[in-house]
There are 2 protein chains.
Amino acid sequence: MSSMTNNYELYKVFYLAAKTGSLSQAAKALYLTQPSVSHAIKQLEDSFGLVLFHRTSKGVTLTQEGALLYSYIEQSHILITRAEEKMAALKNLDDGELRVGGSDSLFKHYLLPYLESFHRQYPGVRIHLNHGTTPEVIAFLKEGRIDLGVVRMPIVDPQLQVRESFQLQDCFVAGEGYSELKNTELSMEELLHYPIILFSRNSRARMAITELFQSYGYPLKPEFEVGSVDLLIEFARKGLGISYVTREFVSRELEDGSLFEIRLDVPLPPSQVGLMTMRNMPLTNAASRFMEMVG
Amino acid sequence: MSSMTNNYELYKVFYLAAKTGSLSQAAKALYLTQPSVSHAIKQLEDSFGLVLFHRTSKGVTLTQEGALLYSYIEQSHILITRAEEKMAALKNLDDGELRVGGSDSLFKHYLLPYLESFHRQYPGVRIHLNHGTTPEVIAFLKEGRIDLGVVRMPIVDPQLQVRESFQLQDCFVAGEGYSELKNTELSMEELLHYPIILFSRNSRARMAITELFQSYGYPLKPEFEVGSVDLLIEFARKGLGISYVTREFVSRELEDGSLFEIRLDVPLPPSQVGLMTMRNMPLTNAASRFMEMVG
DNA sequence: TATTGGTCATAGACGACATCTATAGCTCCT
DNA sequence: AGGAGCTATAGATGTCGTCTATGACCAATA
């Protein structure tokens, strides 16, 4: 007796019968036959022990009790219809949101064109960018605050799934003040005679290059330690030293000659960008579409 | 493609799965097995082309899309539950309304005890009384403003269904001033020497008695014509004349001697009270219960 | 480690019941 | 009187919702 809970499908039939004022028309609308509808209404009436419709030779009209029921069911039906529309919109990406985490520089130099074209193709999807360091982005992901993180590889975390996406190449660059180094190839030792500008300590690229020098026996101690890629570039342009930056992020400066790359006699390790998601966590439609576009 | 309209029953399953966070528990609540619930959810997901739940080893949690759907379905479910409760209440007569039409005097002298006991038994049912003349009451009924009319018979209207309920007897009464008539039997002619007080022209009782006198060849012209039974009584008590009233409505005055009945040498016709409803129109539960009580 | 107990997913069989066809009864309109 | 609506009813049919049985997975035990 606790949950009387009729079959909800009956309410759909009831709704249409009441709305159209005709069991036959309701049947048409539902792609059913009239007896089916008649039977469904009868089930409802029996379940309540109340008469819901007044049957006449030209259709049906609601009784008082039926009208009261209708006032509820109509609202309910509207909500369900909205829900279905909403779901369809999410499916078509006419609606929804895409929440991405990553570093500012990756957004700006790497993800921006994808975000642009995604937004152009799906203007209904609201895009949220959350920038932070790699551990912060991982935390965002685990808290469910973002759908997708864009970070440097490698990431080792059993809860996460990472897809390699794009290779970047870090390199040393300098500006006008060091033009004597333009067409030479330096050794590590020679490089270290110059002031070095590095990104802040906790960055992945900084750790990688420090380790590399260490493996050859050289300690890499920066003259300047800065907190953004833009500052790395600016410091180098002003001639304050040699910056270690991602080549793809300074392509413009390399083009216009305000910076040039310094070749070393040892190869520098490439760095992989990875798209990071929760393992075994379904993606939103928007997020998975975006992943496809980034490829 | 027009109306995507899923089987609503799936939403009930979805609701419980989301609410309990477990397909198994939802199954229990619905008296189903877990695979059934699993299948139902899959149907919904397939229909939308979206993943609604994130499955883990300890249950399910809503995805973003699922959460959005839930926000609609939860409301919808609440409405349906309320509707079902409301219907149960109407069935039990814990709620609802009873709308009766009739004349004031019938309400007061005939229907009141029934209304009282009905109200005592079903205090949740709101009672509306609409008084009016017989044609007005018929109109109320046809407009759907009342469920039930209480009127004098006969009623001839193919749209109406009338059940005879109670017999009343009209009679002539007078007060102290006419005590010489107390133990005599008058003829019609003798009666007409006294001032007569009648109810207003359009009443059924008035028409009946006028016709009766006419059939014997006597015109019945009242000295006073009043608009309520109370005035009929009051006028007679004050000695203004002889009132034609329903005997049952003056039982108290006949008891305490402030009025006495004048016997005629011709029998006066009894008048039937009828309960009138729309033919082929289902009654509300409250109305049909009330009809039973009135018997 | 293995074990146990919980989760959900899948496959296939079964049967309830939703739906259908056919028909009848009714009212209204031509 | 006949036709064109409407709904109700009865009984046949077959869909599809549900079940059983099983597997895979995970987490928390022993």
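Here is how names work: the chains are called A, B, and so on, in the same order as the sequence lines, proteins then strands, and each is numbered from 1.
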Cationic N near anionic O, under 4.0 Å, E9(A) to K12(A)
yes

Length of the CG-P vector between L10(B) and dG17(D), whole Å:
7 Å

Atom CG of L30(A) and atom P of dA18(C) are separated, to the nearest Å, by 15 Å

Examine dC26(C): is either OP1 or OP2 under 4.0 Å from a nitrogen or oxygen in the side chain of R55(A)? Give yes or no.
no

Once you round it to whole Å, what is the distance between P of dT18(D) and NZ of K42(B)?
17 Å

Which part of the nucleic acid, if any, lies within contact of S24(B), taking any heavy atom under 4.0 Å across all strands shown: a base, the sugar-phosphate backbone alone, or nothing?
sugar-phosphate

Is the NZ or CZ atom of R82(B) both under 6.0 Å from the centre of the six-membered ring of Y72(A) and within 45° of that ring's axis?
no

Classify Q43(A) by what it touches in the nucleic acid, base, sugar-phosphate, or nothing, heavy-atom distance under 4.0 Å.
sugar-phosphate

Length of the line joining L52(B):CG and dC8(C):P, which is rounded to integer Å:
15 Å

Quick check for you: among dC8(C), dT18(D), dT10(C), whose closest atom lies nearest to any side-chain atom of V60(B)?
dC8(C)

Presence of S38(B) side-chain N/O under 4.0 Å of dA9(C) phosphate oxygens OP1/OP2:
yes

Would you check if there is a donor-acceptor pair between the side chains of Y11(B) and E84(A) at a distance under 3.5 Å?
yes

Indicate, with yes or no, if the rings of F290(B) and Y122(B) have centres closer together than 6.0 Å.
no

Which residue lies more 5' along DNA chain C, comparing A40(A) with Q34(A) via nearest heavy atoms
A40(A)

